[in-house]
K.L.:
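What follows is a structure written as structure tokens; I'll ask about it next.
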2 protein chains.
Amino acid sequence: MQRQKRTTIYDIALKLNLAASSVSRALSNSNKVNAATKALVLKTAAEMNYQHNAMASNLRKGNNPTIGVVVPRINQFFFSNIIAGIEEVTYKKGYNLIICQSNELHAREVDCVNALVNQHVSCIIISIAAENGPYEHLQQVLDHQIRLIQFDRVVEELDTFKVINNNEKASYEAVTHLIEQGYRRIALLEGPQQLDIFRQRKEGYLAALRKHNIPVLEELMCENAWTKELGAEATAQLLGLENPPDAIFASTSDFSALGVLEVATNKGIQIPKDLGICGYSNEPFTELTSPSITTIDQYSISMGKTIANLYFQEMEGLEFNVEPKIVSIKPKVIVRKSTQRISDVNTTA
Amino acid sequence: MQRQKRTTIYDIALKLNLAASSVSRALSNSNKVNAATKALVLKTAAEMNYQHNAMASNLRKGNNPTIGVVVPRINQFFFSNIIAGIEEVTYKKGYNLIICQSNELHAREVDCVNALVNQHVSCIIISIAAENGPYEHLQQVLDHQIRLIQFDRVVEELDTFKVINNNEKASYEAVTHLIEQGYRRIALLEGPQQLDIFRQRKEGYLAALRKHNIPVLEELMCENAWTKELGAEATAQLLGLENPPDAIFASTSDFSALGVLEVATNKGIQIPKDLGICGYSNEPFTELTSPSITTIDQYSISMGKTIANLYFQEMEGLEFNVEPKIVSIKPKVIVRKSTQRISDVNTTA
DNA sequence: TTTTGTTTTGCAATCGATTGCCCTATTTTT
DNA sequence: AAAAATAGGGCAATCGATTGCAAAACAAAA
């Protein structure tokens with residue numbers, strides 16, 4: 001079978017003995033074409049199986065109603081929710097969504113961003129990879145007059161729109177909650193410190209301790225414990241201390257909290273009695289473990305919607321040099337069994 | 001600030017006193033241009049902050065190296081894994097990925113497919129929405145010479161490439177496992193029967209019962225119990241029977257299995273001793289519940305890769321009328337505690 | 001030196017839709 | 001009835017990159 005050519009407006013024009021321009025106007029429902037002609041064109045187009053060519057149209061109109069999204073991992077709950085939220089909004093606006101994942105690699109992130117710039121997308125939404133690297137590629141985006149919105153993991157120095165979580169505050173509240181539950185030797189599992197979000201979470205932890213006059217102990221802070229395995233390792237080490245912690249705040253993720261839970265349970269440690277555990281992200285599994293894990297919800301779907309709305313409300317069609325806005329979302333501590341050793345606290349799970 | 005125009009090959013040509021065609025050739029690394037010229041063009045392009053315009057290029061070349069994916073929900077673990085798997089492959093091939101979600105709605109699915117056809121994508125990968133509806137939109141895709149790969153939830157009658165799970169076999173094996181564990185009154189939670197996958201799973205269930213001469217009882221089969229809530233409802237009903245089941249196979253999803261687990265646990269029923277529970281999909285949480293839930297793994301990431309590879313190996317650039325292939329993946333039963341009441345079985349979790 | 005062959009470059013059409021401008025009917029106004 | 005306004009439609013340029021063909025430049029061979 002010969003790959004037959006698609007029907008174009010010229011084919012329709014030829015068949016109806018019209019000019020292509022009239023066909024175009026009819027199809028775009030312009031009022032500069034007679035109602036009868038319009039109907040005829042529409043009918044014929046349907047008969048001829050015509051499909052509008054978005055590439056040609058976008059080229060001529062000089063805009064591409066598409067938004068590119070770059071995330072570290074598509075299949076991470078937080079990010080897939082963000083994407084779902086964004087899609088919800090962009091779909092209604094008739095925009096397309098191009099999705100890329102950096103796999104936490106800087107080089108790959110650069111590749112993805114360049115591909116999106118080549119596509120002349122209207123906007124790029126990005127949460128940067130954990131791997132360090134220069135951010136010229138992001139500056140490039142701006143230089144090419146493409147809108148840029150950073151979310152969650154952002155490059156602070158870059159003057160762009162940002163949608164972030166108030167990590168410090170959330171962290172502060174989580175640790176405060178632990179203190180209120182009577183925990184005093186609270187350990188911290190930290191994420192890669194080149195990412196702002198993890199530095200902020202550490203800040204919140206420190207602030208809460210200081211506020212309650214609890215000494216900050218170096219031995220209770222574990223760097224780079226942001227996977228289940230690393231969390232488990234760190235826990236084994238912490239629990240082996242002469243003076244072990246009575247609570248562990250896995251500020252990196254619920255996965256590392258899971259590692260904590262497994263190691264502690266295997267050692268026969270009572271949770272929450274002897275050890276409190278708090279995670280971060282409100283992964284679905286946190287309410288299913290036994291005991292369920294106290295964590296921090298980031299409202300990911302609604303955050304996705306917020307991001308997309310930011311584009312449509314503040315940027316679409318407007319001048320380029322609007323003052324970048326920073327939207328900060330306050331995450332919420334979800335108290336569950338893994339930290340509840342005082343009975344009069346309201347249960348959320 | 002005036003929205004300044006982007007640099008084009010004409011700008012470069014003008015500056016270097018060359019023809020645009022030469023610039024184009026230099027940029028595409030054609031061997032029909034002098035090495036020195038090529039270097040000069042590349043250098044100048046970089047200086048002028050030139051970015052290739054994919055829209056123009058695709059229009060001229062008549063192809064768009066982009067694949068569209070339509071799934072019911074982006075943030076469902078199975079689907080986000082499929083997407084991650086597809087992305088892994090398409091990224092390496094320099095293809096873009098446009099993602100849409102139908103939200104299980106037929107009308108929205110049609111919209112998404114049309115948008116992708118307008119984009120003249122090279123291939124559409126789809127898992128159809130639960131909501132019934134005609135599938136002319138899929139036929140349209142084929143009529144427009146766009147490749148179509150269906151996966152997981154497919155329209156059987158449509159002669160396209162398909163990547164499916166052998167649901168019947170998986171289901172058969174799961175039920176056989178239950179029987180081997182000594183369960184005899186095995187209930188089935190069914191999904192919407194307009195979807196093939198759920199019909200197939202029911203078939204597997206029936207086949208296993210027949211094979212072992214176990215009577216098939218209408219009262220043990222619950223229609224449309226495919227969410228956690230509906231699963232819980234069905235379970236309450238089943239356990240209220242005069243002669244309740246000793247096992248429940250939630251063939252719809254792990255979420256409904258979770259509903260089963262909660263209701264049974266609340267009633268003080270011993271699992272797996274008094275009731276066996278088996279889910280479907282191997283959601284991450286299934287190994288975290290107590291007891292952990294036996295389920296069926298669908299190898300979602302690798303399935304995504306398989307789908308993408310199918311396009312590149314069998315379809316890209318080839319004639320349109322190649323014989324559609326159907327790839328069937330055999331899912332694997334993951335035996336966990338919720339069904340293990342005989343000790344000599346190998347543990348997977 | 002002339003002829004032939006090979007590089008290198010330019011010209012111009014093309015992909016398909018859009019749109020400013022102009023022209024011709026037709027209708028409305030005076 | 002003449003003038004003005006409006007509706008409907010056509011022409012042709014345009015968006016930016018690609019590519020077949022032709023021309024020019026240069027090198028090699030006779």
Side-chain angles (χ1 to χ4, degrees), chain A residues 3-42 44-45 48-66 115 117-122 144-145, chain B residues 3-42 44-45 48-66 115 117-122 144-145:
Chain A
R3 177 178 270 255
Q4 74 186 63
K5 269 191 50 195
R6 289 170 197 277
T7 309
T8 71
I9 54 171
Y10 296 96
D11 301 324
I12 300 175
L14 208 62
K15 182 156 191 174
L16 296 181
N17 205 19
L18 274 173
S21 47
S22 296
V23 175
S24 172
R25 291 195 178 98
L27 291 169
S28 65
N29 202 21
S30 154
N31 61 350
K32 300 192 73 180
V33 64
N34 187 285
T37 316
K38 197 181 288 185
L40 183 60
V41 169
L42 256 44
T44 313
M48 295 178 75
N49 207 12
Y50 170 80
Q51 276 282 351
H52 183 257
N53 185 324
M55 286 188 299
S57 172
N58 293 342
L59 173 61
R60 171 61 224 248
K61 294 206 276 193
N63 83 318
N64 183 358
T66 299
V117 172
N118 284 348
Q119 290 287 327
H120 286 32
V121 297
S122 305
H144 283 283
Q145 313 279 328
Chain B
R3 177 178 271 257
Q4 74 186 63
K5 269 191 49 202
R6 290 171 197 274
T7 308
T8 71
I9 54 170
Y10 296 98
D11 301 324
I12 299 176
L14 208 62
K15 182 155 188 173
L16 296 181
N17 205 18
L18 274 172
S21 48
S22 296
V23 174
S24 171
R25 291 195 181 98
L27 290 169
S28 64
N29 201 21
S30 154
N31 61 350
K32 301 190 72 180
V33 65
N34 186 284
T37 315
K38 196 182 287 185
L40 183 60
V41 168
L42 255 45
T44 313
M48 296 177 76
N49 208 12
Y50 170 81
Q51 276 281 351
H52 183 255
N53 185 325
M55 286 187 300
S57 172
N58 294 341
L59 173 60
R60 172 60 224 251
K61 295 206 277 196
N63 84 319
N64 182 359
T66 299
V117 172
N118 284 348
Q119 290 287 327
H120 287 31
V121 297
S122 305
H144 282 284
Q145 313 279 327

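Not measured: the values here are computed from a predicted model. The sequence lines fix the lettering, A, B, ..., with proteins before strands; numbering per chain opens at 1.
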K.L.:
Please work out if N17(B) contacts a base, only the sugar-phosphate, or nothing of the nucleic acid, heavy-atom cut-off 4.0 Å.
P.N.:
sugar-phosphate
K.L.:
What's the separation between atom OG in S57(B) and atom CG in L59(A), rounded to the nearest 0.5 Å?
P.N.:
10.5 Å
K.L.:
Among residues at least two apart in sequence or on other chains, which ones pass side chain to side chain contact (heavy atoms under 4.5 Å, CB included) with D11(A)?
P.N.:
T7(A), T8(A), M48(A)
K.L.:
Test: side chain to side chain donor-acceptor pair (under 3.5 Å). Region: residues 28-41 of chain A. Which pairs qualify, not counting sequence neighbours?
P.N.:
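For residues 28-41 of chain A, and leaving out neighbouring residues, the side chain to side chain donor-acceptor pair (under 3.5 Å) pairs sorted by first residue read N29(A)-K38(A).
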K.L.:
Test of understanding: with side chain to side chain contact (heavy atoms under 4.5 Å, CB included), list the residues that count as partners of I9(A), not counting sequence neighbours.
P.N.:
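I9(A) satisfies side chain to side chain contact (heavy atoms under 4.5 Å, CB included) with A20(A), V23(A), S24(A), L27(A), Y50(A) only.
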K.L.:
Sequence neighbours left out, what passes side chain to side chain donor-acceptor pair (under 3.5 Å) with T44(A)? Give chain and number order.
P.N.:
none
K.L.:
Both S22(B) and V23(A) contact DNA chain D. Taking the nearest nucleotide for each, which residue is further toward the 5' end?
P.N.:
V23(A)
K.L.:
Determine whether T66(A) and Q119(A) make a side-chain contact, defined as any pair of heavy atoms from C-beta on separated by less than 4.5 Å.
P.N.:
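Not touching, per the 4.5 Å side-chain cut-off.
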K.L.:
Let me spell it out: for each of H120(B) and T37(B), pick the nucleotide of DNA chain C with the closest heavy atom. Which residue's pick is nearer the 5' end?
P.N.:
T37(B)
K.L.:
Angle between the two end axes of the helix from dT1(C)-dA30(D) to dT30(C)-dA1(D), five base pairs per end, rounded to 10 degrees?
P.N.:
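The helix from dT1(C)-dA30(D) to dT30(C)-dA1(D) shows an end-to-end axis angle of 50°.
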K.L.:
Rounded to the nearest 0.5 Å, how far does CG of N64(B) lie from NZ of K61(B)?
P.N.:
11.0 Å
K.L.:
Output the distance between atom CZ (R6(A)) and atom CD (Q145(B)), rounded to the nearest 0.5 Å.
P.N.:
7.5 Å
K.L.:
Which residues satisfy the side chain to side chain contact (heavy atoms under 4.5 Å, CB included) test with A39(B), sequence neighbours excluded?
P.N.:
none
K.L.:
Of K38(B) and S28(A), whose nearest nucleotide on DNA chain C comes first from the 5' end?
P.N.:
K38(B)
K.L.:
Checking all strands, does L27(B) fall into the base, sugar-phosphate, or nothing category for heavy-atom contacts under 4.0 angstrom?
P.N.:
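Here L27(B) touches no strand at all.
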K.L.:
What residues from residues 7-14 of chain A pass a heavy-atom cutoff of under 4.0 Å to DNA chain C?
P.N.:
T8(A), I9(A), Y10(A)
K.L.:
Remember a base hit wins even if backbone is also touched, and classify S24(A) as base, sugar-phosphate or nothing at under 4.0 Å, heavy atoms.
P.N.:
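Base contact.
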K.L.:
Output the distance between atom CG (N53(B)) and atom CG (N118(A)), rounded to the nearest 0.5 Å.
P.N.:
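Answer for the CG-CG pair, N53(B) versus N118(A), is 8.5 Å.
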K.L.:
Partners of H144(B) by side chain to side chain donor-acceptor pair (under 3.5 Å), sequence neighbours excluded?
P.N.:
N49(A)
K.L.:
Write down the atom of H120(A), the atom of M55(B), and the distance for their closest heavy-atom approach.
P.N.:
CB-CE, 4.1 Å
K.L.:
Quick one: side chain to side chain contact (heavy atoms under 4.5 Å, CB included) partners of S122(B), sequence neighbours excluded?
P.N.:
Y95(B), Y311(B)
K.L.:
Polar-atom pairs under 3.5 Å, protein N or O versus N or O of nucleotides 21-24 of chain C: list them with distances, or write none.
P.N.:
none

K.L.:
For S21(A), answer base if it contacts any base atom (sugar-phosphate contacts may also be present), sugar-phosphate if it contacts only those atoms, and nothing otherwise; contact means non-hydrogen atoms under 4.0 Å.
P.N.:
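S21(A): base contact, heavy atoms under 4.0 Å.
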K.L.:
From the 5' end of DNA chain D to its 3' end, which nucleotides mark the outer limits of contact with chain B, defined by a 4.0 Å heavy-atom distance cut-off (strictly under)?
P.N.:
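The protein-touched segment is dG16(D) to dC21(D).
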